[in-house]
Amino acid sequence: MIHKAIPALVAILCICFYSATASAKGFTCNNKVVREGDTTFEVKKNCGDPDSEENIGYVKIDDAYVTVVRYFYDLGDGRLLRMLEFRNGVLYSIESGPRS
């Protein structure tokens with residue numbers, strides 16, 4: 001009986017891991033998906049202007065200076081705040097903040 005349950009358990013764990021990884025690398029706004037690697041133009045085209053924008057400036061990362069800008073999107077209705085960090089105009093990371 002246990003031998004039959006192991007493949008199902010492994011499949012469920014793989015699905016959970018995959019969906020957690022996928023959601024960390026992208027999010028949906030206005031029925032469009034925004035992913036790491038998108039440009040600031042693509043993000044604004046899909047999501048509109050951010051609710052807030054923070055210009056960090058030039059930051060030294062791995063022996064190179066890059067321009068860092070953060071966008072904040074409040075998606076409303078109890079959804080998580082999204083914080084997008086761009087490096088040289090390319091989406092580097094997407095983080096979730098508190099619920100609105």
Side-chain angles (χ1 to χ4, degrees):
M1 177 69 86
I2 293 176
H3 291 78
K4 291 181 181 179
I6 290 175
L9 179 61
V10 169
I12 291 170
L13 290 173
C14 288
I15 291 169
C16 291
F17 176 75
Y18 176 76
S19 59
T21 304
S23 66
K25 296 181 184 267
F27 79 99
T28 304
C29 61
N30 298 329
N31 295 321
K32 308 260 174 128
V33 177
V34 173
R35 293 185 177 97
E36 292 175 2
D38 288 351
T39 64
T40 54
F41 174 79
E42 292 168 319
V43 171
K44 284 186 176 183
K45 179 180 154 194
N46 290 331
C47 300
D49 289 330
D51 295 303
S52 180
E53 186 174 328
E54 182 179 32
N55 186 353
I56 306 300
Y58 287 106
V59 177
K60 187 174 183 179
I61 299 174
D62 297 330
D63 297 326
Y65 284 92
V66 296
T67 303
V68 178
V69 176
R70 291 190 185 128
Y71 288 0
F72 299 88
Y73 285 94
D74 182 354
L75 303 176
D77 298 329
R79 296 178 63 191
L80 296 173
L81 175 74
R82 299 295 184 175
M83 298 170 285
L84 286 63
E85 182 173 305
F86 294 86
R87 294 184 182 177
N88 290 335
V90 177
L91 184 54
Y92 177 77
S93 68
I94 301 171
E95 296 181 27
S96 297
R99 292 190 188 279
S100 60

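FYI, the numbering just counts along the sequence from 1.
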Novice: Got a sec, which residues hit side-chain hydrogen bond (donor to acceptor under 3.5 Å, both in side chains) with Thr28, two or more places apart in sequence or on another chain?
Specialist: none
Novice: Do the ring centers of Phe86 and Tyr71 come within less than 6.0 Å of each other?
Specialist: yes
Novice: Are the side chain of Asn30 and the backbone N or O of Asn46 linked by a donor-acceptor pair below 3.5 Å?
Specialist: yes
Novice: Take atom CZ in Phe72; do more than 12 heavy atoms of anything else shown fall under 6.0 Å from it?
Specialist: yes
Novice: Output yes when a side-chain donor or acceptor of Asp38 lies under 3.5 Å from a complementary backbone atom of Arg35, and no otherwise.
Specialist: yes
Novice: Enter the distance from Glu53:CD to Thr40:OG1 here, rounded to the nearest 0.5 Å.
Specialist: 8.5 Å
Novice: Measure the spacing between OG of Ser93 and CZ of Arg87 and express it to the nearest 0.5 Å.
Specialist: 6.5 Å
Novice: I'd like to know if Tyr92 and Val59 are part of one continuous hydrophobic network [Ile/Leu/Val/Met/Phe/Trp/Tyr, side-chain heavy atoms within less than 4.5 Å].
Specialist: no
Novice: Say you draw a straight line from CZ of Arg70 to CD of Glu85; how long is it, rounded to the nearest 0.5 Å?
Specialist: 4.5 Å
Novice: Where do Glu42 and Gly37 come nearest, in terms of heavy atoms and distance?
Specialist: OE1-O, 4.4 Å
Novice: Identify the two heavy atoms, one from Glu36 and one from Ile94, that lie closest to each other, and give their separation to 0.1 Å.
Specialist: OE2-N, 3.9 Å
Novice: Quick one: do Val43 and Leu84 satisfy side chain to side chain contact (heavy atoms under 4.5 Å, CB included)? Show the steps, please.
Specialist: CA-CA 10 Å; Val43 171; Leu84 286 63; 3.9 Å; yes
Novice: Apply the side chain to side chain contact (heavy atoms under 4.5 Å, CB included) test between Pro98 and each candidate in Leu80, Leu81, Asp74; give the one that qualifies.
Specialist: Leu81
Novice: According to a hydrophobic-cluster definition based on side-chain heavy atoms being under 4.5 Å apart (Ile, Leu, Val, Met, Phe, Trp, Tyr only), do Val69 and Val66 belong together?
Specialist: no
Novice: If we ignore hydrogens and angles and just use 3.5 Å, is the side chain of Tyr73 paired with the main-chain N or O of Ser52 as donor and acceptor?
Specialist: no
Novice: According to side-chain hydrogen bond (donor to acceptor under 3.5 Å, both in side chains), who are the partners of Ser96, at least two apart in sequence or on a separate chain?
Specialist: Arg82
Novice: Return the CG to OH distance between Asn88 and Tyr65, rounded to the nearest 0.5 Å.
Specialist: 13.5 Å
